[in-house]
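Data first, discussion second: the structure below is written as structure tokens.
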Amino acid sequence: MRRILGTETEYGIIARSPHLPDPVANSLRLIAQCPDLPSPEAIWAYENENPFWDARGYRVEGEPERPGPNYNRQLNKILANAGRLYVDGAHPEYSTPECSNPREALVYERAGDHIVADCLARLNASLGSEEFIVYRNNSDGKGNSFGYHENYLLPRRIPFDRLAAVLLPFFVTRQIYCGAGKVGAENGTDPVSYQLSQRADFFECLLDLNTMVGRPIINTRDEPHAHRGEYRRLHVIVGDSNMAEVSTFLKIGTTAVIMDMLEQDGTFPEIDLSDPVHAIKQVSRDLTLKEPLKLHNGNHTSAIEIQRAYLHAAHRFYTTRECTPVTKDILVRWESVLDKLDRVPRSLHRELDWVAKHKLITSYMDRKGCSWHDPRVAMMDLQYHDVRPAKSLSCTLERSGQLERITHDEEISHARKTAPQLTRAYFRGACLNRFPRQIYGVSWTSVLLETGNRTIKRIPLLDPYRGTHQLTSELFQDIETVDQLLSRLAP
């Protein structure tokens, strides 16, 4: 499996002091503490970014963000790993660099958590107290949801309605292994003590361009960050922010498998849910995983059976195609998790967030004799997602071996300062590393270099599969100046 993919994580930020009520200002304070920036004066170039194009073939009204240079530098921190830390709306947000497979995306996602945790530690140290807390979750418990987005590059020749038809049943049901777990309900939905997903309550329609109100299960944003005529980027907003590595790996990995099948004309199960918006909430509230989901033809099925149908289709697909070690790992884990969910879901407490959190909270409730409505239970839900390693309940489970690791600390440390080698991120990272003072700006699709006399040269990076270590590493050998690089790039 080699596919351009990556994730974006919005973090919740809380200030203890009532004198610091502005989340935007607080988010700016946080990212201003980002350590080891290779080019701290570089701007983020917003070229080729327009979130108002709809994949259904039209553009809605609105103007893309174009902040001036000074505010741009406050909003955006360009990282040594070729990713981006920035303020989006009222949240700090981290984008991984372009990755080449789901496991690599997991490593770079965890590197982002470490960067944000370091920013938080530096900010609080500068204030002399634990003034701020940052959470990697999807809700403030007061009706506001913030996102976690996955991105998958696909050929534009695949019709968007084909994508939507294949993905709707898959997205509605994959929360059985990638839900982060949630105490209570929000967004005017029916009350519940505990549910699988933090995001399910907030989806209100099938397809739409919006991401903040009237959220759709399938987001129709058409912003490829690549050659528009050749590629489309599937922007997935339906997932939770996971702390468990297995949940994250399966979330990205199984979806990447579906992308492979779509790209190579694989055969999918024909599943037509009667009401996907209702079903996504129904699945989230069903801890037994057995509740029947109504289909348009009047029949019923279950979330596990829908996922099994996609898994079996994937097995048939790969019987006649090369299957990389990462893909094999995804398929083996996918099948194993579905089998355990079918038999004894609680046996997955070392692998899946919603199971681990449920076990943690119910054990506490048994000891303390409290109910799901106890404020301490809501606090445990939140603290599970704390980015501070010493305070995070999920990190505590990891350290004690009660939550499975896939990655290693050494590769996460490496990913903090080094770009992936098999995508265009390598070239962007190499420029940042080699010419930090000559970087005027970067975007997903270009590097802007200062060549003297206020002259800016733009190197386009519209093909995410080029700019790799294999294709471009020789360009940087035995050169010392930007002019030498530009000379080698000249036709």
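- Rounding to the nearest 0.5 Å places OG1 of T327 at 10.0 Å from CZ of R3.
- Not less than 6.0 angstrom separates the ring centroid of Y135 from the ring centroid of Y384.
- Between W334 and Y177, the ring-plane angle classifies as perpendicular under the 30° and 60° cut-offs.
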Under 3.5 Å donor-acceptor pairs involving side-chain atoms of residues 30-44, not counting sequence neighbours:
from	atom 1	to	atom 2	distance (Å)
S39	OG	P436	O	2.7
W44	NE1	E49	OE2	2.9

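- Between Y426 and F476, the ring planes lie perpendicular to each other; the angle is over 60°, past the 30° to 60° tilted range.
- With W53 as the aromatic partner, R228 meets the cation-pi criteria of under 6.0 angstrom to the ring centre and within 45 degrees of the ring axis.
- Among residues two or more places apart in sequence or in another chain, the ring pair (Phe, Tyr, Trp, His ring centres under 6.0 Å) test is passed with Y152 by none.
- Each of M243, E245, K357 was scored for a side-chain contact (heavy atoms from CB on, under 4.5 Å) with S394, with one residue passing: M243.
- One finds a salt bridge joining R428 and E98 here, because a Lys/Arg side-chain nitrogen approaches an Asp/Glu carboxylate oxygen to under 4.0 Å.
- With respect to the salt-bridge test (charged N to carboxylate O, under 4.0 angstrom), the residues E93 and R84 do not qualify.
- In Y440, the OH atom is not crowded: 12 or fewer heavy atoms of neighbouring residues, nucleotides or ligands sit closer than 6.0 Å.
- K328 and E335 are not joined by a salt bridge, as no carboxylate oxygen comes within less than 4.0 angstrom of a charged side-chain nitrogen.
- Checked for salt-bridge contact, D113 and R136 meet the test: a charged N lies under 4.0 Å from a carboxylate O.
- Under the 30°/60° scheme for interplanar angles, the aromatic rings of H149 and H235 are found to stand perpendicular.
- In this structure Y58 satisfies the ring pair (Phe, Tyr, Trp, His ring centres under 6.0 Å) test with no other residue, sequence neighbours excluded.
- N144 is linked by a side-chain hydrogen bond (donor to acceptor under 3.5 Å, both in side chains) to D140, counting only residues two or more places apart in sequence or in another chain.
- Salt-bridge formation is detected for the pair R458/E47: a Lys NZ or Arg NE/NH1/NH2 atom is positioned less than 4.0 Å from an Asp or Glu carboxylate oxygen.
- Within the structure, every pair that satisfies the side chain to side chain donor-acceptor pair (under 3.5 Å) test and touches residues 118-127, not counting sequence neighbours, is listed here: D118-R416.
- In the displayed structure, R66 atom CZ is contacted under 6.0 Å by more than 12 heavy atoms of other residues, nucleotides or ligands.
- The number of heavy-atom neighbours closer than 6.0 Å to CZ of R437, taken from other residues, nucleotides and ligands shown, is 12 or below.
- A salt bridge between E404 and R333 is present, with a side-chain N of the basic residue lying under 4.0 Å from a carboxylate O of the acidic one.
- Salt-bridge annotation for E130 and R388: present, with a side-chain N of the basic residue lying under 4.0 Å from a carboxylate O of the acidic one.
- A cation-pi contact, defined as under 6.0 Å to the ring centre and within 45° of the axis, links R321 to F317.
- For S284, the side-chain hydrogen bond (donor to acceptor under 3.5 Å, both in side chains) test picks out Q195, with sequence neighbours left out.
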